[in-house]
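One structure below.
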Amino acid sequence: MTRLQTSDIDDHPSLRLISKSLESFDINKTLNNKKCRSHSFGVYTLASGAAQKIGAVKLDCYQLPDSKCRMSIYDKRMTVPGFFHEVTAQIDYEQEGSDSLCRPIRWKYTADIKNSAGIGLKNMRIEKNGFVKGNKVAIKNKKRIREFDINGSFTINWLLFDTVSGLAFDKSMRHKFTLLDHYDQIKEDQILYYNKSTKLNIAGEFIDLHAYDHLGNGIVPWVYWVNENGKLLFAVSGIEAYIAD
Amino acid sequence: MLHKRSNLIDRRQLIQAGAMGLAGLVSGCGAKYISTQEKKRKYNFLFIVCDQLSIDAISAYGNSNLYTPNIDRLVTGGVSFMESYSTNPVCSPARSSLFTGKMPSETGVVTNNRAIHPDIPDMGQWLRQFSYETVYCGKWHLPLGYPVKMRGFETIPVGGGQGDVVDHLVSRQCESYLLNRQADKPFLLVASFMQPHDICYWAIHNRKLVPKDLRFEVIANKLPPLPLNHNARPVAPEQLEKNSGYYGFNEIQWRYYLYIYYRQIEMLDAEVGRLLDAIESSGCADNTIVIFTSDHGEGAGKHMNVQKWYPYEEAAKVPLIFYCPGIVPSGTRDYSHLVSGLDIVPSVCDFAGVKSPENCSGHSLKPLLEGRNVPWREFVPVETHVIGRTIRTADFKYVKYKDDPLEQLFDIRNDPGETKNLYQKPEYMDIIQEHRKILTSWEKSLIRRKPTKSTHPNPPWIQRLLEIEYGPGAV
């Protein structure tokens, strides 16, 4: 195990912006979540002085009978006053190998805008699904199917939130892949790698943290911060942040 | 000396015409477009507005530091106006022009967070009168960022946060509108994205977001180079100099800032792709005109500046693309016509077959898109910092601030990076005089209105400028 040096949160640009939100971070509550493959995050925007919570995302991973896995996603974002945006999604996937990324097999999602009573607005529902067949990705809406060629590893952004839990703290590992962002946007030339470990005082407790960096086309660099057990605690991309509940 | 192109007309005629408004004067500058046949059915419009996109930050225009395959689809399949200017390179004022066809000093929106004067119709109100379904999704900022109700549009209620967390919801819900709508009325759908405006926060939070050393070694060889005019700081009026967005980054910080800006544009590009796919899926691609523009550009390290507000090309010049395969010519770039955010409303009205709102200052671009040789304006105006005025003519850019004797003149054809202010060169005195006359004449043609009330308290420097322009007590 890497020997950790205590450092200050200000030494880590990806954490500086969320440092105020971390003042009330409850590490014990987060770790008391016994379903280790279940992840709940508050979604924050960091544009103004203090991080502002704008939603929540819940990711639950299950084993399927045929050695495949399923991630269920519930993503709720505040929009304008009186309305929220809701996505429910499901991704079936398989591990590409040990210490590797997860490759989606098929996925589907439904998005709605709902009012504060939880009633969806008329004609605002969208449903899409997709699947991988060989080196092709197909994405379907209710009227059309589009296909994309992919080479090499391929994953979906939400799967990374679970994948980083299982990756080694090994600087020599470089995962190169094509990303499917927001369920239907292909972004090539991505890289994910373990960068550093540190010990940080967060809300009065010293926590061992390990950072994975993710960079590539069409994304602002992500930093995924996991604890000693691989639990994802914070994911930060510029002024967008996810903090574990 | 003023005109280097033979098809421009006499200056006196221009000044006379300036007094009549921004009436077109000059012949069509040799456009070579394919003629298109007018179809009788009503066109739909998808108006894509992005925020802070520089015209040179598109891969199809030759920028190899980013990849924008979807905006490139618009470029290769449509007409790009390469001399397109924001009326005022800051969000609310520029948007007030995009949606009214009038200058910010006419709409009342001279700084951010103001509403358009209620008696001036916006594009949605106007087209609604002619049986159009008008729908808005995304950033508005006139004055509210994401209003629930708008006077001219049905709103799709999406908003909250910046581009990284909002834009994918905007494109997704526009997609749902396009796929679910009942096709009886023609539509005007506005998809208004925040990106790449998120880059503002890299400047605002620069200590936190742009460390002095590069933290991601894997992109060390991917950092864009500094722009050619990075170190140019031409002599400028005091107000412009003080509010030009100078942050004093080191080279690595600048190049990382550019790296992030380009990634944010790629994020925008993905949303544009979703919209274009939705149009194709919707079955209305053959009669939906896609119009793509930005409210203003971004400093991106040119003149060592970030952000906008100022009249340099990087902030004032914006992409403007019309796209509708079969209706609009494909793969054409127009470098001959000076166009403006003022021109969106009259163009939409012209394609819709309806008259433009009264006193609309813009020109319809439809004749240019059809390759017709029509009289055209000889200059575009840009307003900045409340008291700043810029006149861009075919070969020059002239800048004047009301409270400052120092002017700027750039030979924009030979010095596109605006590195040398020529205003004190005796050989350019006649050109300065000509531009002063154009400016005076154009200002007389404006139907100026007092600013509407800002929803935010004015910072002292803006308050001072408002009082210079509108007198004591201006708000």
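Residue numbers start from 1 in every chain, and the chains themselves are labelled A, B, ... in the order their sequence lines are given, proteins ahead of strands.
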Task: Contacting moiety of A/Thr79, where chain B heavy atoms sit under 4.5 Å - done: both
Open item on the list: Once rounded to the nearest 0.5 Å, what's the spacing between atom CE of B/Met267 and atom CG of A/Asp181?
Closed with: 7.0 Å
Task: Distance-minimising heavy-atom pair for B/Trp202 and A/Gly238 - done: CH2-CA, 3.1 Å
Task: Side-chain ion pair, B/Glu175 and A/Arg144, N-O less than 4.0 Å - done: no
Task: Region of A/Asn195 that comes under 4.5 Å of a non-hydrogen atom in chain B - done: side chain
- [ ] Check whether B/Asp277 gets within reach of chain A through its side chain, its backbone, both or neither, counting any heavy atom under 4.5 Å.
- [x] both
Open item on the list: Any donor-acceptor pair under 3.5 Å linking the side-chain atoms of B/Gln162 with those of A/Glu240?
Closed with: no
- [ ] Sort B/Tyr261 into side chain, backbone, both or neither according to what part of it lies under 4.5 angstrom from a heavy atom of chain A.
- [x] neither
Open item on the list: Taking CD in B/Glu280 as the centre, count heavy atoms belonging to other residues, nucleotides or ligands within less than 6.0 Å. Is the count above 12?
Closed with: yes
Task: For B/Pro157 against A/Val80, the heavy-atom pair lying closest together - done: CB-CG2, 3.4 Å
Task: Contact origin within B/Ser282 toward chain A - heavy atom pairs under 4.5 Å - done: backbone
Open item on the list: Assess, by modelled atom type and distance only, whether the side chains of A/His85 and B/Gln173 contain a donor and an acceptor separated by less than 3.5 Å.
Closed with: yes
Open item on the list: If I compare all heavy atoms of B/Ala270 with all of A/Lys187, which pair ends up nearest, and what's the gap?
Closed with: CB-CE, 3.9 Å
Open item on the list: At a heavy-atom distance under 4.5 Å, which candidate from B/Pro211, B/Gly273, B/Ser281 has the highest pair count against chain A?
Closed with: B/Ser281
TODO: Tell me, for A/Asn141 versus chain B, whether the close heavy atoms (under 4.5 Å) come from the side chain, the backbone, both or neither.
DONE: side chain
TODO: Measure B/Tyr259 against the heavy atoms of chain A and call it side chain, backbone, both or neither at under 4.5 Å.
DONE: side chain
Task: Distance (rounded to the nearest 0.5 Å) between A/Leu215 CG and B/Arg263 CZ - done: 9.5 Å
Open item on the list: With a 4.5 angstrom heavy-atom cut-off, is it the side chain or the backbone of A/Phe84 that approaches chain B, or both, or neither?
Closed with: neither
Task: Heavy-atom pair of closest approach, residues A/Pro13 and B/Arg215 - done: CD-NH1, 3.2 Å
- [ ] Below 4.5 Å from any heavy atom of chain B, which atoms of A/Leu121 appear? Answer side chain, backbone, both or neither.
- [x] side chain
Open item on the list: Could you measure the distance from the CD1 atom of A/Ile239 to the OH atom of B/Tyr201? Nearest 0.5 Å is fine.
Closed with: 6.5 Å
TODO: Over all heavy atoms of both residues, which pair between B/Ile156 and A/Ile113 is shortest? Give the atoms and the distance, please.
DONE: CG2-CD1, 3.6 Å
TODO: Please state whether the side chain, the backbone, both or neither of A/Lys122 comes within less than 4.5 Å of a heavy atom of chain B.
DONE: neither
TODO: Measure the CZ-OH distance between B/Arg172 and A/Tyr183 for me, rounded to the nearest 0.5 Å.
DONE: 7.0 Å
Task: A/Met124 versus chain B, the contacting section by heavy-atom distance below 4.5 Å - done: both
- [ ] Could you look at A/Asp11 and say if it's the side chain, the backbone, both or neither that has a heavy atom under 4.5 Å from chain B?
- [x] backbone
- [ ] Heavy atoms only: give me the nearest A/Pro221-B/Ile260 pair and the separation to one decimal.
- [x] CD-CD1, 3.4 Å
Task: Under 4.5 Å from any heavy atom of chain B - which part of A/Arg146 - done: side chain
TODO: Identify which of B/Leu169, B/Asp198, B/Leu209, B/Asn70 forms the greatest number of heavy-atom pairs closer than 4.5 Å to chain A.
DONE: B/Leu169
Task: Between CD1 on residue A/Ile191 and CD1 on residue B/Ile219, distance to nearest 0.5 Å - done: 11.0 Å
Task: Atom pair CZ/CG of A/Arg125 and B/Leu179 - distance to nearest 0.5 Å - done: 14.0 Å
Task: Residue part contacting chain B, namely of A/Ser14, when any heavy atom lies under 4.5 Å - done: neither
